[in-house]
Amino acid sequence: MAEIFYTYKHQVYANITNKCNCRCTFCIRGQEEGIGDAQTLWHQKDPSLDEILTAMNTFDFTGYKELVYCGYGEPTCALENLLASAAYARKTYGLSIRVNTNGLGNLYHKKNIVPLLAGTVDAVSISLNAPDAERYNAVSRPFRPDAFQGLLDFATACRGNIPSVKLSIVDVLPPDEIKDCQALADSLGIELRIRHFSS
Ligand code: SF4
C-alpha cells in the first residue's frame, strides 16, 4: 500500500491523492516510485478521509512543526479530504499546514476555493513553472489552455488571505525566463522562490 505520510529532508508530507490536472514534462512521478522514505506514492485507490486520519494517528510527528501537502498528485484535486485532514492535523497535532499546489484549484472546481483554504492553511507554494502561458502550457500541459491565467488569479486571491503565499520555479529554467518569472511575481506582489531542481 502506498504511503500517505512520508518524510524527505527533515520535512513531513501528506500524499492524499494521485489525481492531477497537469501532465508536467518534468514530473517525478514518471521517474521514481517514491520519494524520501516512501517506497511508493502510487495509491491503488485514493485514500478516504478515514484512511488519511488513521494513517495520521499512527504517524509520529515528534519534531515536526509543519505538514506539507505534496505527493504524487495535486492536493486540491482531493479538496474535501485536504481541508478536513489539515484541520484535524492543526487541532490534534498543532502542525502548521502548507499546500504545494499547481494553482489550478479554482479552475478545476469551477469556484473560488481560496476562502476554504484560508481558514485551514498557513502557507501555499504555487508552481509557476514559466513566465507566460505559451511556455507554461508547453511544460505543464494543463487540463485547460487558459490555466496560466487561472494560476495567476488563484495566486492573487491567496495573497492577503493566506499568511504565506509564494510562487515557485526550479533553477533549471534559462536565466531570461527566471528573470521574467521574477518580474511577473514582483508585479503581483508575491514572493518568488527559486528551488534547486532536486529539492
Ligand atoms: S502538477 Fe505536480 S503532480 Fe501534477 S504533473 Fe505537474 S509536477 Fe506532477
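First listed ligand is number 1; within each ligand, the first listed atom is number 1. Because the structure is a prediction, the values reported are computed rather than measured.
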**OP:** Give me the ring orientation class for Tyr93 and Tyr88: parallel if the planes are under 30° apart, tilted from 30 to 60°, perpendicular past 60°.
**Re:**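 Taking Tyr88 first and then Tyr93, their aromatic rings stand perpendicular (interplane angle over 60°).
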Original post:
What orientation do Phe61 and Phe5 show, parallel under 30°, tilted 30 to 60°, or perpendicular over 60°?
Top reply: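 The rings of Phe61 and Phe5 stand perpendicular, inter-plane angle above 60°.
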Original post:
Do any pairs count as a ring-ring contact (aromatic ring centres under 6.0 Å, His included) and have a residue in residues 30-54, sequence neighbours left out, and if so which ones?
Top reply: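 Applying ring-ring contact (aromatic ring centres under 6.0 Å, His included) to every pair that reaches into residues 30-54, excluding sequence neighbours, yields Trp42-Tyr72.
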Original post:
Within the distance-only criterion (no hydrogens, no angle test), does the side chain of Arg98 pair as donor or acceptor with the backbone N or O of Asp122 below 3.5 angstrom?
Top reply: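 A pair under 3.5 Å: no.
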Original post:
Does some non-hydrogen atom of the protein lie less than 4.0 angstrom from atom 2 (Fe) of ligand 1?
Top reply: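 For atom 2 (Fe) of ligand 1 the answer is no, since every protein heavy atom stays at 4.0 Å or beyond.
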Subject >> Sphere of radius 2.8 Å around atom 6 (Fe) of ligand 1 - protein N, O or S atoms inside >> reply: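 Correct list: Cys24 SG.
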Original post:
So, are Asp176 and Lys179 salt-bridged, with charged N and O less than 4.0 Å apart?
Top reply: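 Salt bridge flag = no for Lys179 with Asp176.
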Subject >> Cys22 side chain near Phe143 side chain, heavy-atom distance below 4.5 Å >> reply: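 Cys22 does not reach Phe143 side chain to side chain.
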